[in-house]
Amino acid sequence: MDGNALGPRKAQLDKEEREHLEAVVTEMRDRIEANVRYQLEAYDLADRPDDASLSETQETLVEAIELEAADGHDWEDAHEQYITGVGYTVVNRLAALRCMEVRDFIDDEVTAFRDDGLTPAADRLVTEDFMLEEEAVLEAYRNACDKLAAEIEILFDRSTAYSLIDPDDDTYEDLCGMLDEVPDEVWRADDVLGWVYEYYNRPVVEALDAKNTLEPEDVGPANQFYTPHWVVRMLTDNSLGKLYLEATGQEDAVPKPDALSPEERKDRLVTPEDSPSVPELCTYLIPDEEAGDAPEFDHPSELRVIDPACGSAHFLLYAFDVLERIWWAETDLDRAEIPAKVLEHNLYGVDIDLRSCQLSAFNLYLKARTRTEEEDGQFEMPNVDIVCADARVAEVEEGAAVLDDITGEGTDLRDALGDIIDTFQHTEALGSLLDVSGTLEDVFESGQTDLSDWGDGTHQSLNSFLKALREAVGERSSDSFSEQNLKSFLNLLVVLSQAYDVALMNPPYGSGGRMPDTVQEYIEENGNYKYTTEYYINFFEACDRLAKADGRTGMLVPWSFMFNKSFQTFREDFVGGRGAFDFFSEFGYDILDNATVGTVGTVVRSEADSGQTGTFIRLPDVAKGEKEGKFIRASFDGSETGVKRLYHRKLSEFAMVPGTPLSYWVSRDLRSIYQSDTVLDADNAGLDERETLGDIKQGTATADDSRFVHKFWEDRGAEWVPFAKGGADAWLLPRIKNTLLWGEDGTEVDRYPKSYPRNTDAYFN
């Protein structure tokens, strides 16, 4: 390492740094997975073994591999999944340790080898504890993990299934040497571990791109798209930042559009000195002309922010910056105490991939500890609510007895808990879509539990009860994999049963074959999901249920909901009575690397007044590298000329057009034409009470224009008739430039099997 542990941190890696990091991570993945495979072969576990002749170590490894088989895999697939899981856990831990070492968070390095073949931590074991050199290196690594597990259990806990195999000595030294190939300034970057996660999984993602149908275990990797930091800022500023200012009556504190130059808005620093308050930090916030309502709070500890598909915690890391300033403004606490408070009370994350959860928890730890030490404090990691929603956490058969003891075997509540465990276990890739309140609320309210008076007294909410149940299970359970899973599953139920002020997410995308059948069936059968089966819309529904009245959901999602008929009910609800589109930026393509999907960044108010005005920004025609600058100039600077990009629209206007398309760039005058007494094709539009100018029908589709369609001057026989085709110049009355080989009553076209003459009763009228 370069010895400059206090050097500056980067917010994001540049392209050259990312490409080099990808090459190193690829090399590390190949090395560790080869070593794990070799060690499993040494235990005779390449094939399923005979249970009668296993050693204790072999039995434990078989149990761990069979946890992978719970996803429906045979032994061979489960074996490979386990190798990948162990390999990523090792690489992730080593990268995390290196990130801590370059920040001086570890006194004696465990990943930096000296010329004598020892790490500083290993040398201490040799000189002070007289340990053999060949044992000291790995023992120092294990000691570091055990020490850190007290603060970041989800990443460094060595009692987990993926921790049963460590790299051997040579492999460990090789892996640490590969870490050395990456400069320290890269390990200091806020987003470096997110890229490690993405690059480790890149081969899996590339293989999935060609698949039309995803297996449940594919959903997480197939949706690994890193959200650009400026989009995270935009959505967080206009949700969490705006909510806080509205709740405290500080809307006027937002800098006026001309108070900052575009460069000052874009490049504002996040240091306490440069951005000491929420208005000074949230420079991408666009205030409303009239302030809206927001959930009330008496203390910052009451504010809750969730990312239901948290990935590497990109949204939560920036939300941390906003929340830290809220604590500064609303409390008299020493600033060194606040980072731990933010983690303890404000931030929640869920992901179906355990590796994402490990990464999120560690990134938040790094953020909070760095801020604490910058304020000359001593950081102690609180419990952080980053929970894994992998279906395997519901593999709790051995822990069922603990639930029986606490809730009473055969009670309504025990049966309901059994049902939700069974549902989650058999609905892989459901994740945050699990409807906890919808499943358990009724039976909880019936009082069928001996925990109704547990703890401080009668529990007034399902969430309070589940917290009590989680604590009781924690006191009575052992360290078996099954009972660990039970505790993790109860953590998930707690997180998914409480109300939130803000949800922020870049959720999974997909429907049809890109959404597992079991998830689609769950959505269709659950009465609390009313829209089409599409991951991102269903994630929004889940967040909207968890949101408080006037809470916010900020999300980066595909733009298909703007016009598609299958999303019409969703549009009607959120320009109507269920909520409101508060902020809306249409990006188009090229926002997400390696994703060919047009996107929208939007913030929706839950249970908001339907009469409110929304802010809309239009950027789909702008090149990828220019979108952020165009957003700033259009929203704040006023110097943008040419294409109009900033719009303020009353949401009720969208309902003027049948289907409620979100065509925000269309003027009210043009939209009002749809309210005329006389319209085109009233019957087709369902406007029976209006006068109609005629019918709109599709004509003939020849399926072979080169044979059946000619220019009008080419043929003059009776069998050739005028033929109107569409096109850019045919929006009102198409010019007749073509003729069609129609023959006697269309026989020429009709006898061609691929042609489709539609609505022939309307021809030649």
Side-chain angles (χ1 to χ4, degrees), residues 71 81 84-85 88-89 92 96 152-155 157 160 162 191 193-198 200-201 204-205 208 214-227 232 304-320 343 347-365 367 383-394 424 427-434 436 484-485 487-496 500 503-510 515-516 519 535-536 538-540 542-543 546 553-557 592:
D71 285 345
Q81 290 278 359
T84 299
Y88 176 75
T89 298
N92 200 22
I152 322 166
E153 181 180 11
I154 195 171
L155 175 57
D157 179 12
T160 64
Y162 288 149
D191 63 344
L193 293 179
W195 289 114
V196 170
Y197 172 69
E198 182 164 329
Y200 195 97
N201 291 299
V204 177
V205 176
L208 295 177
L214 296 182
E215 299 299 325
E217 66 269 20
D218 297 335
V219 172
N223 285 278
Q224 288 178 18
F225 298 116
Y226 191 80
T227 310
V232 171
R304 293 192 186 122
V305 179
I306 186 172
D307 185 339
C310 61
S312 61
H314 199 172
F315 280 104
L316 297 179
L317 288 168
Y318 182 62
F320 178 100
L343 266 54
L347 297 175
Y348 299 81
V350 181
D351 204 280
I352 60 174
D353 189 339
L354 175 62
R355 295 168 295 182
S356 289
C357 296
Q358 294 172 340
L359 180 57
S360 293
F362 184 72
N363 278 339
L364 290 170
Y365 167 83
K367 181 89 168 183
N383 288 328
V384 58
D385 286 297
I386 302 295
V387 297
C388 181
D390 188 325
R392 283 170 292 185
V393 302
F424 195 74
T427 313
E428 299 172 55
L430 183 62
S432 297
L433 299 182
L434 180 68
V436 177
Q484 287 181 34
N485 284 346
K487 289 182 282 187
S488 298
F489 186 67
L490 289 173
N491 279 339
L492 177 66
L493 298 188
V494 168
V495 169
L496 294 181
Y500 293 89
L504 294 163
M505 60 176 173
N506 180 358
Y509 307 161
M515 188 181 201
V519 178
Y535 257 128
Y536 76 86
N538 302 140
F539 262 81
F540 169 75
C543 289
L546 296 175
T553 297
M555 53 186 179
L556 179 68
V557 293
L592 300 173

Inset, instruction - Indicate yes or no for a side-chain donor-acceptor contact from Ser488 to the backbone of Val387 under 3.5 Å, with no hydrogens or angles considered. - result: no
Legend entry - Residues forming a side chain to side chain contact (heavy atoms under 4.5 Å, CB included) with Thr84, sequence neighbours excluded: Glu33, Tyr200, Arg355
Inset, instruction - Taking all heavy atoms of Met505 and all of Thr553, pick out the closest pair and write down the distance. - result: CE-CG2, 4.0 Å
Legend entry - For Tyr318, all residues meeting ring-ring contact (aromatic ring centres under 6.0 Å, His included), sequence neighbours excluded: His229
Inset, instruction - Could you tell me which non-hydrogen atom of Thr89 sits nearest to which non-hydrogen atom of Tyr162, and how far apart they are? - result: OG1-CB, 3.5 Å
Legend entry - Nearest-0.5 Å distance that lies between atom SG in Cys543 and atom CD1 in Ile306: 6.5 Å
Legend entry - Straight-line distance of Leu316 CG to Leu504 CG, nearest 0.5 Å: 7.5 Å
Legend entry - Atom pair CG (Leu354) and CG (Leu155), whose distance is rounded to the nearest 0.5 Å: 9.5 Å
Inset, instruction - Identify, with sequence neighbours excluded, every residue that meets side chain to side chain contact (heavy atoms under 4.5 Å, CB included) alongside Ser432. - result: Pro308, Val350, Leu496, Phe539
Inset, instruction - Check Ala319 against Leu347 and note the closest heavy-atom contact, atom names and distance. - result: CB-CD2, 4.1 Å
Legend entry - Leu546 CG to Arg304 CZ distance, which is reported to the nearest 0.5 Å: 10.5 Å
Inset, instruction - Report the residues that fulfil side-chain hydrogen bond (donor to acceptor under 3.5 Å, both in side chains) with Asp385, sequence neighbours left out, ordered by chain and then residue number. - result: none
Legend entry - Non-neighbouring partners of Ser356 that pass side chain to side chain contact (heavy atoms under 4.5 Å, CB included), sequence neighbours left out: Tyr197, Asp351, Asp353
Legend entry - Spatial distance of atom CD1 (Ile152) from atom OH (Tyr365) [nearest 0.5 Å]: 5.0 Å
Inset, instruction - Report the residues that fulfil ring-ring contact (aromatic ring centres under 6.0 Å, His included) with Tyr535, sequence neighbours left out, ordered by chain and then residue number. - result: none
Legend entry - Partners meeting ring-ring contact (aromatic ring centres under 6.0 Å, His included) with Phe320 (sequence neighbours left out): none
Legend entry - For Thr227, side-chain hydrogen bond (donor to acceptor under 3.5 Å, both in side chains) partners two or more places apart: Asn506
Legend entry - Which atom of Pro508 lies closest to which atom of Val219, heavy atoms considered: CB-CG1, 4.5 Å
Inset, instruction - Drop me the distance from Cys310's SG to Ile386's CD1, to the nearest 0.5 angstrom. - result: 5.0 Å
